[in-house]
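Order of the sequence lines fixes the chain letters, A, B, ..., with proteins taken first and strands second; residue numbering starts at 1 for each chain.
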Amino acid sequence: MNRYLDVDCSKLTIADVGRTVRIAGWVHKKRDMGGIIFIDLRDHYGMTQAVFAPGTEAAEIVESARSEWVLSVRGEVVARDEANRNPNLSTGDIELKALEVEVLGKSDVLPMQVATDEDISETVRLKYRFLDLRRTNPHRNIILRSQIISSLRRRMTELGFHEFQTPILTSSSPEGARDYLVPSRVHPGKFYALPQAPQQFKQLLMVSGFPRYFQIAPCFRDEDARADRSPGEFYQLDMEMAFVEQEDVFEVIENVLHGVYTEFSDRKVTEPPFPRLTYAESMSRYGSDKPDLRIPLEIVDVTEQVSGTEFKVFRGAIDSGGVVRAIAVDGIASRSRKFFDGLTSFIQGEGGKGVAYVLFPEGEEPKGSAAKFLSESELEFLASMTSPGGGVLFLSGPEKEAVRFAGRLREEVGSQLDMIEQGTFKFCWIADYPMYEADEETGAIEFSHNPFSMPQGGLEALENKDPLDILAYQYDIVCNGVELSSGAIRNHRPEIMYKAFEIAGYSREEVDERFRGMIQAFKFGAPPHGGLAPGVDRIVMQLADEPNIREVIAFPMTAKAEDLLMNAPAPVTDVQLDELCININVPEDEQS
RNA sequence: GGGGCGGUAGCUCAAUUGGUUUAGAGUACCGGCCUGUCACGCCGGUGGUUGCGGGUUCGAGUCCCGUCCGCCUCGCCA
């Protein structure tokens, strides 16, 4: 085939016996028996055992070879004796009797072993990522990512979408995360920004008359990392459609996600149409706008039912305008005191006060921290929420807090009691987000999500309704408690745009200044349009069943946004800085 | 920026309450032996600023303070 190899390391079988072929790859393991030498040669495709007979020139060369050397071996394919076959290897029925070997690349002593399953510290893995990626799991994850992205592209194209590229060097946009900035040499003192998302570009493409846009889009946001959030950069399946309403977007994305999740996993995937929840409904039933529907627990508002209670904890909450939220859990009555104390500690760790509870053990009196303070009728009602042997957990306080803590408690109890349904991907839409929210400290009205979303009710709603009551055509798609994407039907009407921004405190001039390109475009005939942008890394993470996003990124950065392999970020030369008219002014206590 | 956990041979880990440990083991590496292994085996050897700096103590891998790095998390993520 060429001078290095004829076939890859996975292909040779009993049918090839007698052929003389070349294979090339890495020394996975070498077993030197003193005379005969065995080498497992590994490449991307598989592994083949090469045998070196004592006294041959090839054996002499290979004697000094070590793990991860790169060899090309020419040899004769021979069948192994019955007793010497290796059933763990696809090529285990044969071996390559070496006639000739060429060393293509030597290896220093390895900083980490490749041919091992043992855990290796992430620092070492990231510093020597090229070695790490040779290992089975990391290698497989990156290939899976490639296949998923191919599949996404194919599915989008088949649905009539066209793929576009949009600028990487663009301008800083207000709102949102901190930008990554790139200094301009031609315009000293001015900066490009890397796009946080191609949001405005894709909307401009709609105005340009392209009805179905998509892109596997790199997005750059200078925000801190999480297990499911890589710092700096990530990828979205960015898509946008013209002349559509919310349901049209839902239908397309359900098709694509159901397809890709079914293609790449054996789990049960929610059949389209995915459940639709309003934001308000999701918050009240699950205490979260990204509910994990695999947990069969729901939050119930029992404020009214216990409004006459003497129980001090509830009394205090209700009298100061708060609420009492309850989660009924079957079979929980037999749990130890320690279990419930643990739940209280958990909620305290989240910033709450604690968890009250009442239990209904079968054939016994109700017990639990709240039991003796509740009236007969109150207990009767609560008992009806669960079955004998069950119990009810309570969180009380100001509504916003009670809702949030109840949501966290729901997840914690679900997880501790192994109630999370395994082997499924449960999707849902969260729609009807509020257009605005009040800043917690200042009370100022600000956009709660994307400022480019169309307010429900249009201009009329903006002019006549309390801003905090206005909903937007704004939606999220959630899978197993992970937010995959936000999206919206966009506001394509300049007059509605100006009004929407005015409510959030931006003048017409500011809007013109900050979104010049887009607002101008909308004045020259813009179609109604909308879309969303599921996070590719998170999709791959779920399909690879990895708990950490770095496992599906070939060259990830650390939580502190450093690339340990490429040594980024790094200082640059004074010449480079001079050319950009930049003076570095790092405070002394931050120098390292 | 706050909180939590961690950092001991190249790698993965151990080391009782602060003390007979010359800081050990496996693996890797080096040397010797071995012609059918597939985690080859056997014998021997090299390899340590216990992240770094300071402190307490007769004595610190172990306790205290600071600092750096890694992970998780809160803030942050239109």
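Note on A:Arg31: every side-chain N or O is 4.0 Å or more away from OP1 and OP2 of B:U37. Under 4.0 angstrom from either OP1 or OP2 of B:C72 there lies at least one side-chain N or O belonging to A:Arg550. Distances shown here put a side-chain N or O of A:Asn548 below 4.0 Å from the OP1 or OP2 atom of B:C72.
Taking every side-chain heavy atom of A:Thr558 into account, B:G70 is the closest of B:C77, B:U12, B:G70. Of the candidates B:C76, B:U35, B:G36, the closest approach to any side-chain atom of A:Asn84 belongs to B:G36. The listed nucleotides are B:U37, B:C69, B:C76; the one nearest the side chain of A:Glu223 is B:C76.
Rounded to a whole Å, the CG atom of A:Asp119 is 15 Å from the P atom of B:G7. Note: NZ (A:Lys560) to P (B:C71) measures 10 Å, nearest angstrom. Computed from coordinates, the A:Asp132 CG to B:U12 P distance equals 12 Å when rounded to whole Å. Taking atom CD1 of A:Ile36 as the reference point, atom P of B:C38 lies 13 Å away to the nearest angstrom. Atom CD of A:Glu82 is separated from atom C1' of B:G36 by 15 Å (rounded to the nearest Å). One interatomic measurement links the two molecules: CD1 of A:Ile37 to P of B:C34, which rounds to 13 Å at whole-angstrom precision. In this structure, the CD atom of A:Glu350 is 13 Å from the C1' atom of B:G75, given to the nearest Å. Distance, A:Arg408 CZ to B:U73 C1': 10 Å, rounded to whole Å.
For B:G7 and B:A14, the C1' atoms lie 15 Å apart once the distance is rounded to whole Å. Taking the P atoms as reference points, B:G51 lies 13 Å from B:C11, given to the whole Å. Spacing of C1' atoms, B:G4 relative to B:G31, comes out at 48 Å, to the nearest Å. For the P atoms, the distance linking B:G10 with B:C5 amounts to 28 Å, nearest Å. Nucleotides B:A60 and B:G19 have their C1' atoms positioned 10 Å apart, rounded to a whole Å. Taking atom P in both B:C64 and B:G18, the straight-line distance is 10 Å, to the nearest Å. For the C1' atoms, the distance from B:U8 to B:C13 is 9 Å, rounded to whole Å. A distance of about 24 Å separates the P atoms of B:G32 and B:U37, rounded to the whole Å.
For the pair A:Leu564 and A:Asp224, nearest-nucleotide mapping onto RNA chain B gives the more 5' position to A:Leu564. Toward the 5' end of RNA chain B, the nearer of the two residues A:Asn86 and A:Gln199, judged by each one's closest nucleotide, is A:Asn86.
Remark: B:A60 base-pairs with no nucleotide in the shown strands. Criterion, Watson-Crick or G-U wobble with two distances under 3.5 Å. Applying the Watson-Crick and G-U wobble criteria (two distances, each under 3.5 Å), B:U20 pairs with nothing in any strand. Of all nucleotides present, none satisfies the Watson-Crick or G-U wobble test against B:A39 with each distance under 3.5 Å. Within the shown strands, nothing qualifies as a pairing partner of B:U50 under the Watson-Crick or G-U definition with both distances less than 3.5 Å. When both distances must be under 3.5 Å, the Watson-Crick or G-U wobble mate of B:C29 is B:G45.
Side chain A:Arg221 to base B:C77: no donor-acceptor pair is found below 3.5 Å. Judged by distance alone with a 3.5 Å cut-off, no donor-acceptor contact links the side chain of A:Asp81 to the base of B:G36. Scanning atom types as modelled, one donor and one acceptor separated by under 3.5 angstrom connect the side chain of A:Glu95 and the base of B:G36. In this model, a side-chain donor or acceptor of A:Arg80 finds a partner on the base of B:U37 within 3.5 Å. One cannot find a donor-acceptor pair under 3.5 Å joining the base of B:G36 and the side-chain atoms of A:Arg85. You'll find a donor-acceptor pair under 3.5 Å spanning the side chain of A:Arg229 and the base of B:C76, going by distance alone.
At the heavy-atom level, A:Thr116 lies nowhere under 4.0 Å from the strands shown. Using a 4.0 Å heavy-atom cutoff across all strands shown, A:Met33 reaches at least one base atom of the nucleic acid. Across all strands, A:Pro111 comes closer than 4.0 Å only to sugar-phosphate atoms, never to a base (heavy-atom distances).
Not one N or O on the side chain of A:Asp81 forms a donor-acceptor pair closer than 3.5 Å with the backbone of A:Asn84. One N or O on the side chain of A:Gln196 and one on the backbone of A:Ala177 form a donor-acceptor pair closer than 3.5 Å. Side-chain N or O atoms of A:Lys97 include none that pairs as donor or acceptor with a backbone N or O of A:Phe52 at under 3.5 Å.
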Taking distance alone, no hydrogens or angles, what donor-acceptor pairs closer than 3.5 Å link side-chain atoms of residues 225-236 of chain A to residues at least two apart or in another chain?
residue: A:Arg229; atom: NE; partner: A:Asp224; partner atom: O; Å: 3.1
residue: A:Arg229; atom: NH2; partner: A:Asp224; partner atom: O; Å: 2.6

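Near RNA chain B, defined here as any heavy-atom distance below 4.0 Å, there are no residues from residues 134-142 of chain A.
Taking the ring axis of A:Tyr498 as reference, the NZ or CZ atom of A:Arg508 stays within 45° of it and closer than 6.0 Å to the ring centre. Remark: A:Lys29 fails to qualify as a cation-pi partner of A:Phe38 under the 6.0 Å distance and 45° angle criteria applied to the six-membered ring.
Counting heavy atoms from C-beta on, the side chains of A:Lys202 and A:Thr166 never come closer than 4.5 Å. No side-chain heavy atom of A:Asn491 sits less than 4.5 Å from a side-chain heavy atom of A:Ser453. Using a 4.5 Å heavy-atom cutoff, the side chains of A:Leu194 and A:Thr170 are not in contact.
The aromatic rings of A:Phe452 and A:Phe501 sit tilted, their planes meeting at an angle between 30° and 60°.
Residues A:Tyr213 and A:Asp238 bring a donor and an acceptor atom of their side chains to less than 3.5 Å of each other.
Environment of CG in A:Asp119: sparse, with no more than 12 heavy atoms of neighbouring residues, nucleotides or ligands closer than 6.0 Å.
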Per-nucleotide protein contact along nucleotides 27-33 of chain B, 5' to 3', at a 4.0 Å heavy-atom cut-off (B base, S sugar-phosphate only, - neither), is SSSS---
- Item | Working for ring-ring contact (aromatic ring centres under 6.0 Å, His included), residues A:Tyr433 and A:Tyr475 | CA-CA 7 Å; A:Tyr433 273 81; A:Tyr475 40 82; 9.0 Å; no
